Amino acid sequence: MSACVPARADSARTKHVHPPHSPPPHGPRRFRVAGADVSAAIAVFLIALPLSLGIALATGAPLQAGLVAAAVGGIVAGRIGGCPLQVSGPAAGLTVVTADLIQHYGWRTTCAITVFAGIAQLGLGCLRVARSALAVSPAIVHGMLAGIGVTIAVAQLHIVLGGTPQSSVPDNLVALPAQLANLHPADLAVSVLTLTLLLLWPRIPGRAGQALGKLPAALIAVAGATAVAALTGLRLPKVDLPSWSSHALASLPDGPVLGLVAAVLTTTLVCSVQSLLGAVAVDKLVAARPSLTGRVKRSDLDRELLGQGAANIVSGSLGGLPIAGVAVRSSANVAAGAVSRNSTMLHGVLVVIAALLMVPALELIPLASLAALVMAVGLKMVSLNHIRTVTRHREVLVYAVTTCGVVFLGVLEGVALGIAVAVGVALHRLTRTRITHDETEGVHHVHVRGQLTFLAVPRLSRVLHQVPHGADAVVELDGSFMDHAAYETLQDWQKTHTAQGGSVDITGRRPGTRISEPAEEDGCRCRPWTPWRNHQCERPPTAPPRGTAGRSATDGSPAGNLGTATGPNTPGTRDATGATGGSGAPDGPTGHELARGISAFHRNTGPLMRRELARLAREGQQPSQLFLTCADSRVVTSMITSSGPGDLFVVRNVGNFVPLPGEESGDDSVAAAIEYAVDVLKVRSITVCGHSGCGAMQALLAAEPGGAHTPLQRWLRHGLPSLERALPDVDVDVDEQEQKRGAGRARPRLAGRGAADTAERLCLANVVQQLEHLRAHDSVARALGAGDLELHGMYFHVGEAQSYLLSEDAEGSVFELVRETNLTA
């Protein structure tokens, strides 16, 4: 596996310097195509050929138009576009738009509309507005694609049954009973065979299935149906490719100006949005392939618009279909191992060769087989995963309205309806604010759920005035926005209530913000998971501990049990029992910070986590992995892994050591934790995490030869094999067998740069060494042998706040920088 480039892109560029009077070490670079790009281009070509013909058939355009668009999309968009691995061509998402244009304006005018749409895309690319297209709600995009998919499937069903589709979905549905009564068995048989091969080919079991699965199912389905139709002598409508000399090219548009402008805008919108969203999806696919990290750049969306615009201009001028990025071909390109834009361009060249030399073979394909293929593609555009996603985010109404609008009204009308509904839903959420009031143990809680705007001020004022004068009140704001009117209402009520002897605690807003300065306690403004200095704020030396004013020590709150009013730098007084402070909380700054942190948890985090923690309490812990790391206070496991309660089974010790079995000198704590995690909790992975600036590694380097007399010195002896691995030339007191194992081993390294110093080199080697120690434990060895467990190495650089994961390449162990991945996968 190739090494990952470091965080700064410019540090990955190595400058080759040669003597000033000598020639460069290499001659001019020759154009080379990697073998991976060649195989990927062939795979994409085999998918694109039948799909391009099928989409042309579905739109009612000349079948050559699909081949022209596929070739131009591969060569022009592949060369100019900003997403190297995205494959462009005639897309199923454009089928309905193109078919409508051909029906209203004819084929030659549709080609002119494609040219003008390409010019519009060039303009948008020059204006650098590509990112704004991503502001469209995903529910609208998914609904548009689903509506197009339904339209395609219903229309192609008529061809599958041996008939001719109508111009709209309602007309197709009305004509369907008559078509079923007059179906053609030969067309239906070929279509069923195509769908059967398309469905079953990827599911062939065993090694044969793995070998045969490399051939695209679409190609096998069409080729199989064509072969059966030819061998049985079935008389069916087949592909008809007229001579290229009679191929229709674009002409000047003819029609009403407003209609043509709307047609150009619709084509531009659909082509651009589909291509940009496809480029973002390809970035996620590339990020999931570590071997491409550093080799394939992230998409330049503005350049991608320029590439798509240029391709549409060329395609329309040559009599081709409109072009957009195609998800099926792009995902196949990445999965087939493409490493550069050469695969996309080569696939376009192969389409040109096929269009010129394979016409007799293409004319054997039954139209019913292509219709069945396109119908299957249309049905896949109605994704159950998308429906579940929009339902989870409460946007199913936007999705449904967009889908129905596209099906019954058209693409532009459906998208416009979806945008209108999305805006209405957003306004409804903005104005929908729930304000409740309840009393618990004498404390009045006012809970505000939603955004506080001027529309909610009357309800907020009415609820706030239900709190009795002089009572303790807590206002919980569960929202991210508060306008000026709501702010003034809340602030005025707070001042009035405190002036009448009551207390007000306002929580739940953004970390570090309060309504007014008088409500601050001890001048502290920090909240959990905000930028902090040791997670505490500095205080004036005379600030008394919370709980000595405003509340009695018997109010039951953690802050009220902190004891007497001694300063933070003064030893606490002792009561009659000899205990310092109040209810067992230690006096002084440390105890005060601990109790204040607990109080902040009870007030801010606890209410948000209570339901989840209650579930974990009922169901027990079911962590997915054992995380073994150092006891260093700067390594916060939940923060650097974005994990929560119940996710990690954590073991921490000095140096993140995993002693070999039988070598813990009477302390089996680490071995016991490993056995419990693997055999009882059934974790699926174990991660050993080292970090920069580790004190245990520095102590190992500074240790003098001799006996270990203190518990720490005896524990650090577990790191001697790591020292032998990192510094084989140093005389280390390890057994002869370990020395033999260490001889000749490559030192672990960081990707893209060398180790900063000897201590960092030892930290990296220690992670690799402790993974070897893990494999020596019986429970781990059994789980690894059964395939139920994975081992991972990790290095966390504290100063850079960056994590590296261990992998292997031809030169040995390498820690690669973790970059952005597909978070939705």
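The figures here come from the full heavy-atom set of this structure, side chains too, leaving out hydrogens, waters and symmetry mates. The chain is numbered in sequence order, starting from 1. Just so you know, these numbers come straight off a predicted model, no measurement behind them.
- The OH atom of Y399 lies 13.0 Å from the CD1 atom of I140; values are rounded to the nearest 0.5 Å.
- Taking all atoms of both residues into account, the shortest heavy-atom contact from G143 to T403 is O-OG1, 3.1 Å.
- In terms of modelled atom types and a separation under 3.5 Å, the side chain of S191 and the main chain of A368 share a donor-acceptor contact.
- Checked by atom type and distance alone, the side chain of S383 pairs as donor or acceptor with a backbone atom of N385 at under 3.5 Å.
- Contact check for R392 versus T389: side-chain heavy atoms found under the 4.5 Å cut-off.
- Exactly one residue among T114, L94, T59 makes a side-chain contact (heavy atoms from CB on, under 4.5 Å) with L321. That residue is T59.
- Q86 places a side-chain N or O within 3.5 Å of a backbone atom of A279 that can act as its donor or acceptor partner.
- A 6.0 Å sphere centred on CZ of F116 holds no more than 12 heavy atoms belonging to other residues, nucleotides or ligands.
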Indicate every side-chain donor-acceptor pair of residues 216-223 with a distance under 3.5 Å to a residue at least two apart or in another chain.
none

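- At least one donor-acceptor pair closer than 3.5 Å links the side chain of R341 to the backbone N or O of G81.
- Of all heavy-atom pairs between I323 and S315, the closest is CD1-CB, 3.5 Å.
- Closest heavy-atom contact between A92 and M381: CB-SD, 3.8 Å.
- Here the options are L67, V314, N312, V351, the test is side-chain contact (heavy atoms from CB on, under 4.5 Å), and the partner is V72; only V314 passes.
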*Please step through side chain to side chain contact (heavy atoms under 4.5 Å, CB included) for the pair D100 and H104, ending with a clear verdict.*
CA-CA 6 Å; D100 187 60; H104 282 83; 3.0 Å; yes

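- Residues S340 and S343 approach most closely at O-OG, 3.2 Å, considering heavy atoms.
- In this view, H386 and H142 satisfy the ring pair (Phe, Tyr, Trp, His ring centres under 6.0 Å) rule, not counting sequence neighbours.
- Looking at D187 and I159, their side chains never come closer than 4.5 Å, going by heavy atoms from C-beta outward.
- Closest approach of S52 to R329, counting heavy atoms only: OG-NH2, 3.5 Å.
- Residues T194 and S369 have side chains that bring a donor and an acceptor to within less than 3.5 angstrom of each other.
- Put simply, the side chain of M375 reaches to within 4.5 Å of the side chain of L157, judged on heavy atoms.
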_L236 vs L367, side chain to side chain contact (heavy atoms under 4.5 Å, CB included): CA-CA, chis, key distance, verdict_ = CA-CA 8 Å; L236 299 168; L367 296 182; over 6 Å; no

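- Looking at T402, its side chain never comes within 3.5 Å of a backbone N or O of V415 through a donor-acceptor pair.
- Residue pairs satisfying the salt bridge (charged side-chain N to carboxylate O under 4.0 Å, His left out) criterion with at least one member in residues 105-130, sequence neighbours excluded, are listed as follows: R128-D302.
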_Go through it in stages, so that I can follow the logic: the residues are L124 and T268, the test is side chain to side chain contact (heavy atoms under 4.5 Å, CB included), and I'd like the CA-CA distance, side-chain angles, deciding distance and then a yes or no._
CA-CA 10 Å; L124 293 175; T268 304; 4.0 Å; yes

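- For the atom pair CG of L277 and CD of Q274, the computed distance is 8.5 Å after rounding to the nearest 0.5 Å.
- Using a 4.5 Å heavy-atom cutoff, the side chains of N342 and V38 are not in contact.
- Side-chain N or O atoms of W107 include none that pairs as donor or acceptor with a backbone N or O of G60 at under 3.5 Å.
- Taking CG of L188 as the start and CG of L183 as the end, the distance is 6.0 Å to the nearest 0.5 Å.
- To the nearest 0.5 Å, atoms CG (L350) and CE (M358) are separated by 10.0 Å.
- The line from CE of M144 to CD1 of I419 is 10.5 Å long, rounded to the nearest 0.5 Å.
- At least one side-chain heavy atom of L46 sits under 4.5 Å from a side-chain heavy atom of I42.
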*asked:* Would I313 and L122 count as a side chain to side chain contact (heavy atoms under 4.5 Å, CB included) here? Give the steps.
replied: CA-CA 10 Å; I313 292 174; L122 287 180; 3.4 Å; yes

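- Counting only heavy atoms from C-beta outward, the side chains of T98 and T110 approach each other to under 4.5 Å.
- Between the side chain of E304 and the backbone N or O of C83, at least one donor-acceptor pair lies under 3.5 Å.
- In this structure, the side chains of N172 and L176 stay at 4.5 Å or more apart for every pair of heavy atoms.
- Annotation: side chain of V87 is not in contact with side chain of I47 (no heavy-atom distance under 4.5 Å).
- Separation of atoms NE2 (H158) and CG (L161) is listed at 7.5 Å; rounding is to 0.5 Å.
- No side-chain donor from either of Q308 and S272 sits under 3.5 Å from a side-chain acceptor of the other.
- The two atoms that bring D240 and L63 nearest to each other are N-CD1, 3.8 Å, heavy atoms only.
- Within a 6.0 Å sphere centred on CG of L357, heavy atoms belonging to other residues, nucleotides or ligands number more than 12.
- Few gaps surround CZ on R303; more than 12 heavy atoms of other groups in view lie less than 6.0 Å from it.
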